Amino acid sequence: QVQLTESGGGSVQAGGSLRLSCSASVDTFSRYCMGWFRQVPGQEREGVASIDNKGKTMYAESLEGRFTISQDNAKKILYLEMSNLKPEDTAMYYCAADGPTVRCWASLVMVEYRNWGQGSQVTVSS
């Protein structure tokens with residue numbers, strides 16, 4: 001069981017930037033595929049970005065290149081850099097992990113992930 005703790009959310013004006021962090025309580029962090037998802041109340045949780053255990057990334061097409069996922073294996077932290085934020089980016093953002101495994105692939109599909117954080121709220125005002 002992996003414990004995931006998100007941080008870095010908050011309120012920002014449209015056009016601003018935020019960086020989310022997800023700390024993982026696991027020794028074999030580099031053997032996990034990781035993802036960021038977001039959810040608005042009343043809507044389904046959607047995949048935002050993912051990174052596999054070889055460093056290959058995947059993004060939701062709707063983001064138009066505004067977000068960047070990365071990870072620091074030594075610190076066991078997953079990041080999501082968000083820039084040019086829009087009001088429609090307002091949501092609870094969740095970190096997710098799948099593994100450990102020798103090889104996994106980036107995925108924006110919820111059922112691919114077995115471990116989830118509690119979420120970090122991001123609010124973008126116009």
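Side chains included, hydrogens not; waters and symmetry mates left out as well; all remaining heavy atoms used. Being a predicted model, the structure only gives us computed values, none of them experimental.
Residues Lys54 and Arg103 are in side-chain contact: their nearest non-hydrogen atoms beyond the backbone lie under 4.5 Å apart. Contact check for Arg19 versus Leu80: no side-chain heavy atoms found under the 4.5 Å cut-off. Met82 is not listed as a side-chain neighbour of Asp89, based on a closest heavy-atom distance of 4.5 Å or more. The closest side-chain heavy-atom distance from Phe29 to Val2 is not below 4.5 Å. Proximity of Thr101 to Arg31: side-chain heavy atoms (C-beta onward) are nowhere separated by under 4.5 Å.
The backbone N or O of Ser107 lies less than 3.5 Å from a partner atom in the side chain of Ser50, making a donor-acceptor pair. No donor-acceptor pair closer than 3.5 Å links the side chain of Ser17 to the backbone N or O of Ser83. Between the Glu6 side chain and the Gln118 main chain, a donor and an acceptor come within less than 3.5 Å of each other. Within the 3.5 Å criterion, the main-chain N or O of Ile69 finds a donor-acceptor partner in the side chain of Tyr59.
Checked for salt-bridge contact, Arg38 and Glu88 miss the test: no charged N lies under 4.0 Å from a carboxylate O.
Other residues, nucleotides and ligands place more than 12 heavy atoms under 6.0 Å from the CD atom of Gln121. Counting non-hydrogen atoms of other residues, nucleotides and ligands closer than 6.0 Å to NZ of Lys56 gives a total of 12 or fewer.
Using a 4.5 Å cut-off between side-chain heavy atoms of Ile, Leu, Val, Met, Phe, Trp and Tyr, with links allowed through other members, Leu108 and Met110 fall into different hydrophobic clusters. Residue Ile51 is grouped with residue Leu63 when hydrophobic side chains (ILVMFWY) are merged at heavy-atom distances under 4.5 angstrom, including chains of intermediate members. If you chain together hydrophobic residues whose side chains sit under 4.5 Å apart, Val122 and Trp36 fall into the same group. Tyr94 and Leu18 are members of different hydrophobic clusters when ILVMFWY side chains are connected at heavy-atom separations under 4.5 Å. Cluster annotation: Met92 and Phe67 are assigned to distinct hydrophobic clusters (Ile/Leu/Val/Met/Phe/Trp/Tyr, side-chain heavy-atom contacts under 4.5 Å, transitive).
Under the ring pair (Phe, Tyr, Trp, His ring centres under 6.0 Å) criterion, Phe37 pairs with Tyr113, Trp116, not counting sequence neighbours.
Smallest separation of non-hydrogen atoms from Pro100 and Arg114: N-NH2, 4.5 Å. Here the closest non-hydrogen pair linking Ala97 and Met34 is CB-SD, 3.5 Å.
The side-chain contact (heavy atoms from CB on, under 4.5 Å) with Cys22 is formed by just one residue from the set Leu78, Thr5, Ile77; it is Leu78.
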